[in-house]
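In what follows, every heavy atom counts, from backbone to side chain, and hydrogens, waters and symmetry copies are set aside. Chain identifiers are assigned alphabetically (A, B, ...) following the order of the sequence lines, protein sequences preceding nucleic acid strands; residue numbering begins at 1 within each chain.
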Amino acid sequence: MQVVAKKPDSLTDKDFHYCPGCTHGIIHRLVAEVMDELDIREKTIGIAPVGCSVLAYEYFDCDMQEASHGRAPAVATGVKRVHPDKVVFTYQGDGDLASIGTAEIVHAANRGENITTIFVNNAIYGMTGGQMAPTTLLGQKTTTSPAGRKKDIAGSPIKISEMLAVLDGAAYIERVSVHDVKHIIKAKKAIKKAFKMQLEGKGFTMIEVLSTCPTNWGIEPVEALKWLEENMIPIYKPQVLKEAGEGE
Amino acid sequence: MLADIKKVVIDREKCKGCKLCTTVCPVSILTISEEINSHGYHPSEVTDQSDCISCGQCYRICPDVAITIYKED
Ligand SMILES: Cc1ncc(C[n+]2csc(CCOP(=O)(O)OP(=O)(O)O)c2C)c(N)n1
Ligand code: SF4
Ligand code: SF4
Ligand code: SF4
């Protein structure tokens, strides 16, 4: 018998603490598979966020550093400038990256820091119990928008990838999803491309991954994949938003 | 022996019974067990190994990396 697919070496043996069906786990696996395939585990330094993935340093079998809430791109900047020969990535939720950490991600992208950000957008604050995030959809019910998010009170869902794409320093920005196998395969390709571009010294790369939070969305995992497809995809269209060298 | 060949192996202690794998299997051989693992979850189990085509879809969607796929040489 021959192994077709198994846990990548770049993941530790620790069981994920994520809720059943939470797609943080799929995204972790994709990043680890890419590290394996590019053979970069020994020279990769990951920066973990605050949020449900705060314990990411327990799961990735490379060097890891925890950052305070939203500050992962700033920490990654320091790490990469001291170790320009290393591969440096941040793994951040939408509360971490698009709310408290907006300044850090904007300026890291604008400076063209040669790092890769994995931006996990599940349209809610997972860890703290399901509060509205800047990425929450209009009409989406959360604990702090019990009647649904209203534009006149909370504005519209913020499209971080579109925002960052206009910055000169951004070399590659793509939005992907993990709601079915076809999209999972595409998501991995995008993550691989971003890491490769970092290895080539191209500058700031970010992959936004649409993800589920069955627990705080209050639905079953299988239903959550469907909810993502039907509600998030129309607002957050999976696409390449920036590829340096194209049309410049 | 053919009966011993396992093409899909699910780690019942890692599995959280989320059912995602059961929805993607093209030959519908994955189902949620009546049994309970030590974490209190009903793990996914394989009804008929010989029907598995080693396509890897269940591995790809599993959020807990609980599945290993093999194929015959
Ligand atoms: C300085 C600071 N402010 C607020 C918090 C509370 N807090 C912890 S996680 C979090 C948001 C997490 O949401 P997200 O980044 O979307 O990640 P998820 O949990 O959904 O994966 C907040 C507000 C904190 N830990 N530190
Ligand atoms: S609260 Fe939501 S984001 Fe956090 S682990 Fe559970 S399902 Fe995943
Ligand atoms: S590898 Fe394919 S056929 Fe085999 S159990 Fe998994 S999804 Fe089903
Ligand atoms: S997808 Fe993974 S965790 Fe979910 S039921 Fe199947 S084997 Fe278990």
ring-ring contact (aromatic ring centres under 6.0 Å, His included) assessment of A:Tyr59 paired with A:Tyr91: CA-CA 12 Å; A:Tyr59 307 136; A:Tyr91 186 103; 9.8 Å; no
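- Under the 4.0 Å criterion applied to side-chain N and carboxylate O atoms, A:Glu33 and A:Arg29 are assigned as salt-bridge partners.
- The aromatic rings of A:Trp217 and A:Trp227 sit tilted, their planes meeting at an angle between 30° and 60°.
- Neither the backbone nor the side chain of A:Leu30 comes within contact range of chain B, judged by heavy atoms closer than 4.5 Å.
- Interface remark: of the candidates A:Gly21, A:Pro214, A:Cys19, A:Gly21 forms the most heavy-atom pairs closer than 4.5 Å to chain B.
- Looking at A:Lys182, neither its backbone nor its side chain comes within 4.5 Å of chain B, counting heavy atoms on both sides.
- In this structure, chain B has no heavy atom under 4.5 Å from any part of A:His183.
- Using a 30° and 60° split on the angle between ring planes, A:His24 and A:His28 fall in the perpendicular class, above 60°.
- Within the 4.5 angstrom heavy-atom criterion, no atom of B:Cys55 approaches chain A.
- The residues A:Lys193 and A:Glu174 are annotated as not salt-bridged, no charged nitrogen and carboxylate oxygen being separated by less than 4.0 angstrom.
- Checking A:Tyr125 against A:Ser99 by side-chain atom types alone, a donor-acceptor pair falls below 3.5 Å.
- Of all the listed residues (A:Leu11, A:Thr23, A:Ile185, A:Ile27), the one sharing the greatest number of non-hydrogen pairs under 4.5 Å with chain B is A:Ile185.
- For chain A, the option among B:Ser54, B:Cys62, B:Cys18, B:Pro63 with the highest count of heavy-atom pairs below 4.5 Å is B:Pro63.
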